[in-house]
A.B. asks: 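If you scroll down you'll find the structure; I have some questions about it.
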Amino acid sequence: MAVANLPDEAKLLRNFSRCQDWEQRYLYMMELGERLPSLTDEQRNSANFIEGCQSQVWIAVSLDENKQLVLAGDSDAGIVKGLVALVIILFQGKTIEQAFATDVKHYFSSLALESHLTPSRTQGLHAMVTTLIKRFSEYAVA
């Protein structure tokens, strides 16, 4: 299940590799962030707030009727909102078990993000993933 207007993981990796340089990749990430649907006021709450990011970040998590993850997110910073989109693409539509089995390090190393992000953005990206894995664990025991 893809979020409207966002590519799936394979297409994202292809599109990212077609960018000529990091300026184009940053612009592409920001474009992906702009494609995210807006969060509702109810979703923009402390339970969905991601601690550890320099920017304000919210990611809402739920399961659909097929027990697949449904994520929605937002940030007050353009590049960070693009990172939110990358995280959503990684986990959207997966079951909890598939999310736990996802090779997050491989995904981000395929994008070569960490060597091109500032330390604070890299820390924020890790905070997003760590927080989401923790939230997925809550669904696994429910």
Side-chain angles (χ1 to χ4, degrees), residues 1-64 66-140 142:
M1 163 199 283
V3 174
N5 300 321
L6 287 181
D8 63 21
E9 189 177 336
K11 187 171 183 178
L12 170 77
L13 291 170
R14 277 194 312 274
N15 290 348
F16 217 74
S17 70
R18 290 181 182 142
C19 293
Q20 299 297 313
D21 55 32
W22 271 95
E23 183 176 344
Q24 283 187 356
R25 289 183 179 126
Y26 280 128
L27 291 172
Y28 180 56
M29 282 193 305
M30 290 171 53
E31 177 189 325
L32 292 173
E34 290 171 7
R35 293 182 193 178
L36 289 173
S38 298
L39 288 181
T40 64
D41 289 339
E42 294 81 34
Q43 291 173 312
R44 199 178 292 272
N45 62 42
S46 60
N48 293 329
F49 188 77
I50 305 292
E51 296 285 341
C53 295
Q54 204 169 25
S55 303
Q56 293 190 355
V57 175
W58 297 266
I59 301 177
V61 178
S62 60
L63 291 176
D64 67 12
N66 297 316
K67 304 283 187 207
Q68 293 177 316
L69 290 164
V70 177
L71 289 87
D74 195 12
S75 175
D76 62 345
I79 289 178
V80 177
K81 192 169 180 174
L83 293 174
V84 170
L86 296 180
V87 171
I88 288 174
I89 290 166
L90 178 62
F91 293 116
Q92 189 79 298
K94 292 183 175 178
T95 64
I96 296 296
E97 295 77 18
Q98 290 169 329
F100 287 144
T102 299
D103 189 346
V104 176
K105 287 184 182 187
H106 176 72
Y107 174 72
F108 289 123
S109 69
S110 297
L111 297 172
L113 283 178
E114 292 190 5
S115 59
H116 291 89
L117 293 176
T118 63
S120 63
R121 286 198 180 120
T122 299
Q123 177 182 339
L125 183 62
H126 287 291
M128 286 182 227
V129 172
T130 302
T131 301
L132 288 176
I133 296 296
K134 199 178 299 180
R135 288 186 193 162
F136 299 161
S137 297
E138 294 167 9
Y139 281 103

A.B. asks: To the nearest 0.5 Å, tell me how far Thr95 OG1 sits from Glu97 CD.
C.D. replies: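 Taking OG1 in Thr95 and CD in Glu97, the distance rounds to 4.5 Å.
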
A.B. asks: Do Leu86 and Leu113 pass the side-chain contact (heavy atoms from CB on, under 4.5 Å) test, and can you show the C-alpha distance, the side-chain angles, and the key distance before you say yes or no?
C.D. replies: CA-CA 11 Å; Leu86 296 180; Leu113 283 178; 3.7 Å; yes

A.B. asks: Do Val57 and Leu83 have side chains that approach each other closer than 4.5 Å (heavy atoms only, starting at C-beta)?
C.D. replies: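 No, too far: nothing below the 4.5 Å cut-off.
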
A.B. asks: Compare every heavy atom of Ile79 with every heavy atom of Met30, then report the nearest pair and how far apart it is.
C.D. replies: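 Closest approach of Met30 to Ile79: SD-CG1, 3.6 Å.
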
A.B. asks: To check you understand the geometry: which heavy-atom pair defines the closest contact between Gly73 and Ile88, and what is its length?
C.D. replies: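 In this case the closest contact between Gly73 and Ile88 is N-CD1, 3.5 Å.
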
A.B. asks: How are the rings of Trp22 and His116 set to each other: parallel, tilted or perpendicular (split at 30° and 60°)?
C.D. replies: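 Because their plane-to-plane angle is under 30°, the rings of Trp22 and His116 count as parallel.
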
A.B. asks: Hey, does the side chain of Ser17 reach the backbone of Arg14 with a donor-acceptor pair shorter than 3.5 angstrom?
C.D. replies: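 Yes, the answer is positive, given that a donor and an acceptor are paired below the 3.5 Å cut-off.
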
A.B. asks: Closer than 3.5 angstrom, by distance alone: can the side chain of Asp8 be matched with the main-chain N or O of Ala10 as a donor-acceptor pair?
C.D. replies: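 Answer holds: yes.
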
A.B. asks: Could you measure the distance from the CG atom of Leu39 to the CH2 atom of Trp58? Nearest 0.5 Å is fine.
C.D. replies: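 The CG atom of Leu39 sits 8.0 Å away from the CH2 atom of Trp58.
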
A.B. asks: Quick one: closest heavy-atom pair of Thr102 and Gln98, and the distance?
C.D. replies: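 So the two residues come closest at OG1-O, 2.8 Å.
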
A.B. asks: Before giving the answer on side-chain contact (heavy atoms from CB on, under 4.5 Å), spell out for His126 and Glu114 the whole-Å C-alpha distance, their side-chain angles and the decisive distance to 0.1 Å.
C.D. replies: CA-CA 10 Å; His126 287 291; Glu114 292 190 5; 2.8 Å; yes

A.B. asks: Any side-chain heavy atom of Gln43 sitting closer than 4.5 Å to one from Ser62?
C.D. replies: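 They are not in side-chain contact.
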
A.B. asks: Checking the side chain of Asn48 only, and the main-chain atoms of Asn45 only, is there a donor and an acceptor separated by less than 3.5 Å?
C.D. replies: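 Checked: no pair found.
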
A.B. asks: Are side-chain heavy atoms of Phe100 and Ser137 found at a separation under 4.5 Å?
C.D. replies: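 In short, these two side chains touch, coming nearer than 4.5 Å.
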
A.B. asks: Once rounded to the nearest 0.5 Å, what's the spacing between atom CG of Leu71 and atom CG of Leu6?
C.D. replies: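 Taking CG in Leu71 and CG in Leu6, the distance rounds to 11.0 Å.
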
A.B. asks: Any non-hydrogen side-chain atom of Tyr26 less than 4.5 Å from a side-chain atom of Leu117?
C.D. replies: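 Result yes, sub-4.5 Å side-chain heavy-atom pair found.
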
A.B. asks: List the steps, then state whether side-chain contact (heavy atoms from CB on, under 4.5 Å) holds for Leu36 with Asp74.
C.D. replies: CA-CA 7 Å; Leu36 289 173; Asp74 195 12; 5.9 Å; no

A.B. asks: What's the separation between atom SG in Cys53 and atom CD in Gln123, rounded to the nearest 0.5 Å?
C.D. replies: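 CD of Gln123 is found 8.0 Å from SG of Cys53.
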
A.B. asks: Taking CD in Gln24 as the centre, count heavy atoms belonging to other residues, nucleotides or ligands within less than 6.0 Å. Is the count above 12?
C.D. replies: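 Yes - once you tally the heavy atoms of other residues, nucleotides and ligands closer than 6.0 Å, there are more than 12.
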
A.B. asks: Is Glu138 salt-bridged to Lys134, going by a charged N under 4.0 Å from an acidic O?
C.D. replies: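 Salt bridge absent between Glu138 and Lys134.
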
A.B. asks: For the backbone of Gln56 and the side chain of Ser75, can you confirm whether one donor and one acceptor N or O come within less than 3.5 Å of each other?
C.D. replies: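 Yes: the side chain of Ser75 pairs with the backbone of Gln56.
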
A.B. asks: For the atom pair OH (Tyr139) and CD1 (Ile96), what is the distance rounded to the nearest 0.5 Å?
C.D. replies: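 So the gap between those two atoms works out to 7.5 Å.
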
A.B. asks: Any idea which heavy atoms bring Ala127 and Glu51 closest together, and the distance?
C.D. replies: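 For Ala127 versus Glu51, the nearest heavy atoms are CB-O, 3.3 Å.
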
A.B. asks: In Å and rounded to the nearest 0.5 Å, what is the CG to OG distance from Asp103 to Ser109?
C.D. replies: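 Asp103 CG to Ser109 OG: 7.5 Å, rounded to 0.5 Å.
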
A.B. asks: Determine whether Phe16 and Leu32 make a side-chain contact, defined as any pair of heavy atoms from C-beta on separated by less than 4.5 Å.
C.D. replies: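 Not touching, per the 4.5 Å side-chain cut-off.
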
A.B. asks: Hey, does the side chain of Arg135 reach the backbone of Ile59 with a donor-acceptor pair shorter than 3.5 angstrom?
C.D. replies: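 Checking the backbone N and O of Ile59 against the side chain of Arg135, a donor-acceptor pair under 3.5 Å is found.
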
A.B. asks: Show the nearest heavy-atom pair for residues Ala99 and Leu69, with the distance to one decimal.
C.D. replies: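 What the structure gives for the nearest pair is CB-CD1, 3.7 Å.
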
A.B. asks: Return the minimal non-hydrogen interatomic distance between Gly33 and Lys81, and the atom names on each side.
C.D. replies: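 Shortest heavy-atom contact: O-CE, 3.0 Å.
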
A.B. asks: Could you give me the CA-CA distance, side-chain angles and deciding distance for Phe108 and Val87, then say whether side-chain contact (heavy atoms from CB on, under 4.5 Å) is met?
C.D. replies: CA-CA 9 Å; Phe108 289 123; Val87 171; 4.0 Å; yes

A.B. asks: Would you mind reporting whether Thr131 and Phe49 have side-chain heavy atoms less than 4.5 Å apart?
C.D. replies: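 They are not in contact (no side-chain heavy atoms under 4.5 Å apart), so the answer is no.
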
